[in-house]
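What's counted below: heavy atoms across the whole structure, side chains too, no hydrogens, waters or symmetry copies. Whatever order the structure lists them in is the order used to number ligands and atoms, beginning at 1.
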Amino acid sequence: MREKLLIKKARCLAQRYAVTDGKKFRLAEVDPGDTGEFTSKDKPAFKEMLAHGVMHLAALQERLYASDRWAVLLIFQAMDAAGKDSAIKHVMSGLNPQGCQVASFKAPSAEELDHDYLWRCQRHLPERGRIGIFNRSYYEETLVVRVHPELLEKEKLPARLVTKHIWRERFKDIRNFEKYLAHNGVVVRKFFLHISYEEQKRRFLERLERPEKNWKFSAADVAERRYWKAYMAAYEDMIRHTATKGAPWYVIPADNKWFTRLVVAAAVIDTLESLDLEYPKLSAEQLKELAAAKRQLLGE
Ligand code: ATP
Ligand code: MG
């Protein structure tokens, strides 16, 4: 009973951060330090909710796999150190690895640049019955590539196709692509983990100060902070143009990891619950076969 209540509470929390119609979205209205009505005193309760949530998620995943109809694609986007990796790790910790596929998208290779930008992502779309996770995605094509125009030049597009409309065109193509996925039973949910400029600095300093975190530090990430404003503008525009009812963005405050993880888990639970997943129903014929197999085994 208590478990059900906790999960219900968490799902309400997730719905609060869902953007299903981008038109009115303003990034400035989302405070990265927001923790709803909770404070750090609630951390232990959140841990408990997350543990229940992860167990519940595992049960839902099993039904997703058994029913073998829907696929779920979870896309994670964020500035560096916002906690993408750890959110993925915590939320997916209870899942069956056989039903899960993670793909990370870095700067494109020479081979990838020889194709349209969706090509490399399409190859990693989840199969039916699976949960696919994109750690960064085709959305980078409207973020890092927009902030650094020299990356667009490297994409080898015919010159006449590169106009001032290119970002609008990309948004439209992405909306259509996600619609196409929806029509094919691939449920797309997108997460923007929204960290503040100050918290990012704190986490970078921690990477420098703690030897076991040194490996995560990259000087290039610090240099990228100069473009913070441009990134925020690109993120806002991206969400305004690509948050739809069918493929919403969850804009999740990310200055407090305990909060972020729970909201992500709850959003994934909410998504799977909405699919009304059932174990496959066997036909009378199949049930007869099972009964015969049972008789045979018992008769051995
Ligand atoms: P972490 O730093 O936490 O290990 P990460 O996702 O930042 O994880 P990195 O290896 O640091 O991984 O970097 C991936 C880099 O690749 C990011 O800077 C991202 O902007 C860049 N990238 C991803 N997609 C594209 C793209 N289509 N074009 C250009 N750069 C891209
Ligand atoms: Mg990085």
* Asked: Which atoms of the protein, restricted to N, O or S, are nearer than 2.8 Å to the Mg ion (ligand 2)?
  -> Asp80 OD1
* With a distance cut-off below 6.0 Å to the six-membered ring centre and an angular limit of 45° from the axis, does Arg261 pair with Trp258 as a cation-pi contact? -> no
* Between the side chains of Gln77 and Ser137, is a donor N or O closer than 3.5 angstrom to an acceptor N or O? -> yes
* Would you kindly say whether Asp270 and Gln15 are connected by a side-chain donor-acceptor distance under 3.5 Å? => yes
* **Aromatic centroids of Tyr139 and Phe192 separated by under 6.0 Å** => no
* Asked: Sequence neighbours excluded, which residues qualify as side chain to side chain donor-acceptor pair (under 3.5 Å) partners of Arg69?
  -> none
* Asked: Less than 4.0 Å between a side-chain N and a carboxylate O, is that true for Lys154 and Glu150?
  -> no
* To do: Output every pair passing salt bridge (charged side-chain N to carboxylate O under 4.0 Å, His left out) with a member in residues 183-197, not counting sequence neighbours, ordered by first then second residue.
  => Glu178-Lys190
* To do: Among Tyr227, Phe204, Trp228, find the one that has a ring-ring contact (aromatic ring centres under 6.0 Å, His included) with Tyr197.
  => Trp228
* Mind jotting down which protein residues get a heavy-atom contact under 4.0 Å with ligand 1? Chain and number order, please. => Asp80, Lys84, Asp85, Phe105, Lys106, Ala107, Pro108, Arg120, Arg136, Glu140, Glu141, Val144, Val145, Leu151
* To do: Describe, in one word, how the ring planes of Tyr231 and Tyr235 are oriented to each other, choosing from parallel (under 30°), tilted (30 to 60°) and perpendicular (over 60°).
  => tilted
